[in-house]
Student: 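Provided herewith is a single structure, encoded as structure tokens, for subsequent inquiry.
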Protein chains: 2
Amino acid sequence: MKKTTIKDVAKYAEVSPATVSYVLNGVKKVSDDTKRRVLEAVEVLNYYPDFTAISLSKKKSNLIGIMLPLVEDSPASVFKNNLYYNEFVSGVESVARNRKFDTMIAGVGNPEECRNWVKKRNLDGLIFLGMFSQHLYNELKALNIPTVLIDTYEEYTNLFDNVKVNDEHGGYLATKHLIDLGHKDIGFVATSLISSPVDTKRFEGYKKALQEAGLGLDKKLIFETKDITFDNGLKIGKKIVNYNRKLTGIVTVSDVLAIGIIKALQKQGKQVPGDYSIVGFDDLTISNYTTPSLTTVRQDIIEKGKTAGNLLLNSIESIDTEHQTVEMPVELIIRESTQQRN
Amino acid sequence: MKKTTIKDVAKYAEVSPATVSYVLNGVKKVSDDTKRRVLEAVEVLNYYPDFTAISLSKKKSNLIGIMLPLVEDSPASVFKNNLYYNEFVSGVESVARNRKFDTMIAGVGNPEECRNWVKKRNLDGLIFLGMFSQHLYNELKALNIPTVLIDTYEEYTNLFDNVKVNDEHGGYLATKHLIDLGHKDIGFVATSLISSPVDTKRFEGYKKALQEAGLGLDKKLIFETKDITFDNGLKIGKKIVNYNRKLTGIVTVSDVLAIGIIKALQKQGKQVPGDYSIVGFDDLTISNYTTPSLTTVRQDIIEKGKTAGNLLLNSIESIDTEHQTVEMPVELIIRESTQQRN
DNA sequence: CTGAAAGCGCTTACAG
DNA sequence: CTGAAAGCGCTTACAG
């Protein structure tokens, strides 16, 4: 079955291919009569323009890329551990689809790889999910294509569009909630306070809440772990059970971590929220599934993806010309993992 | 920064663009000396061929598509509920990447949409995740591009490559496990035994195990629900608590359903596995996170994605010319949601 | 308002 | 072994 091309349409409508292109692109004033004939031909022949050809001649692919950190040579494991990405990608995809863009996903190992990918596929724009080296951002800048960064606080980051979340407020809400429930010995679990600006922000909120309540900051109550995995949550949970410090409330930087901690506590015969009240962060779909279900700071991740997608597309279509930073709101969702202190 | 093209390389190497193309494609015998000069030029100029152009002239895009059922006009909600898809897509992506293909994801609303997408983007192959109408498959056949179907049992399905799982054996393993633990009153929870062939197969396994053990089949112990969601699990769980039939073991067609059921049982003050032993299906990442963690029939979903990807790419590259059906193995993973009957 | 022609960056018979 | 030329399916100054 031979593919219908613009020539076929032109022939059928008895005009030139150029004219067909004009009406399809809404460019120039084509007479109504001609327009009608072309549209009819398109209809009859069931014609759909070849994006590859359009892409080549317009130098625009209608394709955006979402870059993920590459682990073990494939984004697979990232997806497996980080339920968060999943929903984010869906959000982006959904706005892209509505605006006639397709979206591709790729893991980025090194800056060269990223650049090549953009060149190879003529990507119109990029969304970066996760943290990358400054070197990469320099490359990006040189590439000079619309780019939006997610959850970055680094300085050189202002050169791009940004979507982030009110992390400080999130940390504050979680901590305040525990304080309101009567907890006084509240721990904070994060990946790394120095290398993760996001966690640092949340920590600021934690400190602020403590301070407001006249509670001191006990450095012994701060737990750091390498990255956000269930297993790391497990480890911290075990540590907490045998800890030589009083501790009844735990603020966490991620649901997955919180779930791991709860699981470990339960295994050691502890009750949540009976013995420990725990707050997560993100409100993943699964936070509802666990027992106890998780009290958490919700960020609307799909909405975040949509926002990033719209920002990017606006920039591609020159609707917004200046770099913007959008901060998404955050909300405390109270479920079963927290309760009044005994 | 102007893009480096094949002409630039040709000029630098003092050959024709055609020759550059030859060496890059390993076609025809180019003299070693020429080859060396070309390769050097490529290196020096940091040249990467434009896939868009290649795609247009070769009529091959090095792009494969994964089609998902479209819910609410976007695949977003599908992803949100079906943690399964997520891992599958990662598997496909990972083999595609290794074989120099990129992969795109799209929701498919109707057959036309699907066809247009293939034409628009010159997709080389398609993977279908989920169930679609026979009408769609007819369209597909007409499109005549390599296609692999996942988990289908319908007859017209033999016209394509297939990847499925040993569903019957899975149902058997789950049921046998409960029987071995002393359970005699074992329920079966599925979506729809008539409209879902996958569930029917698993049900066959369930029946077989009962029969082998000399246990009768009680139709009152079969629960059907519309689709696989946590909420539907919740509903069935509630129903089970107040059921007028003895029931201590539950075989389920999905982890998400099982988790919902457990949650509902726990809410009503029941113990799992104390009062009920429950077996899931899939072994999603999160099955480890719940309390109790889930005994389940594991299918290696990432591996399934990889298999589908390889099948598709083999077919695209004419390595395999005949339609194949691959059946993936299944394995019982015993965790905390099942125990000896009291 | 409409069309001929050149161009986007590659590939591939064909000729030599 | 190498290259000139036509072609893939579009778009877009430019001319009329």
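By convention in this document, chain letters (A, B, ...) are assigned in the order of the sequence lines, proteins followed by strands, and residues within each chain are numbered from 1.
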Student: Answer yes or no: does a side-chain N or O of Thr19(B) lie under 4.0 Å from OP1 or OP2 of dG3(D)?
Tutor: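 It does, given that an N or O in the side chain of Thr19(B) lies less than 4.0 Å from OP1 or OP2 of dG3(D).
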
Student: For Asn122(A) and dC10(C), what is the distance between atoms CG and C1' respectively, to the nearest whole Å?
Tutor: 12 Å

Student: Is any side-chain N of the basic residue among Asp33(A) and Arg36(A) closer than 4.0 Å to the acidic one's carboxylate O?
Tutor: yes

Student: Nearest to the side chain of Lys58(B), heavy atoms from C-beta on, is which of dT12(C), dC8(C), dC10(C)?
Tutor: dT12(C)

Student: Would you say dG3(C) has OP1 or OP2 under 4.0 Å from some side-chain N or O of Ser16(A)?
Tutor: yes

Student: In whole angstrom, give the distance that lies between atom CZ of Phe51(A) and atom P of dC10(D).
Tutor: 11 Å

Student: Please report the distance, rounded to the nearest Å, between NZ in Lys119(A) and P in dG9(C).
Tutor: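 After rounding, the reported distance stands at 12 Å.
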
Student: Just compare dC10(D), dT2(C), dC8(C) and give me whichever is closest to any side-chain atom of Val30(A).
Tutor: dT2(C)

Student: Please list, pair by pair, any protein nitrogen or oxygen found under 3.5 Å from a nitrogen or oxygen in nucleotides 13-16 of chain D.
Tutor:
{"residue": "dA13(D)", "atom": "N6", "partner": "Tyr22(A)", "partner atom": "OH", "Å": "2.4"}
{"residue": "dC14(D)", "atom": "N4", "partner": "Lys28(A)", "partner atom": "NZ", "Å": "2.6"}

Student: With the side chain of Ser21(B) defined as its heavy atoms from C-beta on, choose the nearest nucleotide among dG7(D), dT12(C), dC8(C).
Tutor: dT12(C)

Student: Give me the atom names and distance for the closest heavy-atom approach of Lys306(A) to Gly91(A).
Tutor: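 So the minimum-distance heavy-atom pair works out to CG-O, 3.5 Å.
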
Student: Give a yes-or-no answer on whether the side chains of Ser31(B) and Thr34(B) include a donor-acceptor pair shorter than 3.5 Å.
Tutor: yes

Student: Below the 4.0 Å mark, does dT2(C) have OP1 or OP2 next to a side-chain nitrogen or oxygen of Ser31(A)?
Tutor: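 Yes, such a contact exists.
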
Student: As a quick check of understanding, evaluate side chain to side chain donor-acceptor pair (under 3.5 Å) for Lys58(A) and Asn25(A), giving each step before the final call.
Tutor: CA-CA 12 Å; Lys58(A) 272 198 182 167; Asn25(A) 288 296; 3.2 Å; yes

Student: Calculate the interatomic distance between Asp50(B) atom CG and dC8(D) atom P; express it in whole Å.
Tutor: 18 Å

Student: Picking from dG9(C), dT11(C), dC10(D), which would you name as closest to the side chain of Ala53(B)?
Tutor: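 Between dG9(C), dT11(C), dC10(D), the one nearest the side chain of Ala53(B) would be dG9(C).
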
Student: Cut-off 3.5 Å, side chains only: do Asn62(A) and Lys120(B) have a donor facing an acceptor?
Tutor: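 No, Lys120(B) and Asn62(A) have no side-chain donor paired with an acceptor closer than 3.5 Å.
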
Student: Without decimals, in angstroms, what is the distance between Ile6(B) CD1 and dC8(C) P?
Tutor: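 Checked: the CD1 to P distance equals 14 Å.
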
Student: Kindly point out which of dC10(D), dC10(C), dC1(D) is positioned nearest to the side chain of Ile54(B)?
Tutor: dC10(C)

Student: Specify the separation, in whole Å, of atom NZ of Lys7(B) and atom C1' of dT11(C).
Tutor: 14 Å

Student: Select base, sugar-phosphate, or nothing to describe what Val27(A) touches, counting heavy atoms under 4.0 Å on all strands.
Tutor: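 Nothing, no heavy atom under 4.0 Å.
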
Student: Using a 4.0 Å heavy-atom cut-off across all strands, classify Val20(B) as base, sugar-phosphate, or nothing.
Tutor: nothing

Student: With Leu39(A) as reference, evaluate Val9(A), Val20(A), Val23(A) under the side-chain contact (heavy atoms from CB on, under 4.5 Å) test and give the passing residue.
Tutor: Val23(A)

Student: For Lys3(B) and dG9(C), give me the distance from atom NZ to atom C1', rounded to whole Å.
Tutor: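 Taking atom C1' of dG9(C) as the reference, NZ of Lys3(B) is at 8 Å.
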
Student: Between Val118(B) and Leu140(B), is there a side-chain heavy-atom distance shorter than 4.5 Å?
Tutor: no

Student: Taking Lys304(A) first and then Asp300(A), would you say they form a salt bridge - that is, a charged N and a carboxylate O separated by under 4.0 Å?
Tutor: no

Student: Give a yes or no on whether a salt bridge exists between Glu139(A) and Arg115(A), defined as a side-chain N under 4.0 angstrom from a carboxylate O.
Tutor: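 Salt bridge flag = yes for Arg115(A) with Glu139(A).
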
Student: Can you tell me the pairing partner of dG16(C) across any strand shown, Watson-Crick or G-U wobble, with both distances under 3.5 angstrom?
Tutor: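 dG16(C) is paired, partner dC1(D).
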
Student: Between dT2(C) and Thr34(A), is there an OP1 or OP2 to side-chain N/O distance shorter than 4.0 Å?
Tutor: yes

Student: Report the nucleotide, chosen from dC8(D), dA4(C), dC10(D), that has the shortest atom-to-atom distance to any side-chain atom of Lys59(B).
Tutor: dC8(D)

Student: So which of residues 35-49 of chain B are in contact with DNA chain C, with a heavy-atom cut-off of under 4.0 Å?
Tutor: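 Of all residues in residues 35-49 of chain B, the ones placing a heavy atom under 4.0 Å from DNA chain C are Tyr47(B), Pro49(B).
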
Student: Taking salt bridge (charged side-chain N to carboxylate O under 4.0 Å, His left out) as the test, write out the residues that go with Asp32(A), two or more places apart.
Tutor: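 Checked Asp32(A) against salt bridge (charged side-chain N to carboxylate O under 4.0 Å, His left out); zero matches.
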
Student: Between Leu24(A) and Ser57(B), name the one whose nearest nucleotide on DNA chain D is closer to the 5' end.
Tutor: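 Residue closer to the 5' terminus by nearest nucleotide: Ser57(B).
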
Student: Roughly how many Å is it from CG in Asn62(A) to P in dG9(D), rounded to a whole number?
Tutor: 19 Å

Student: Kindly give the heavy-atom pair with the smallest separation between Leu311(B) and Asn162(B), and that separation in Å.
Tutor: CD2-O, 3.8 Å

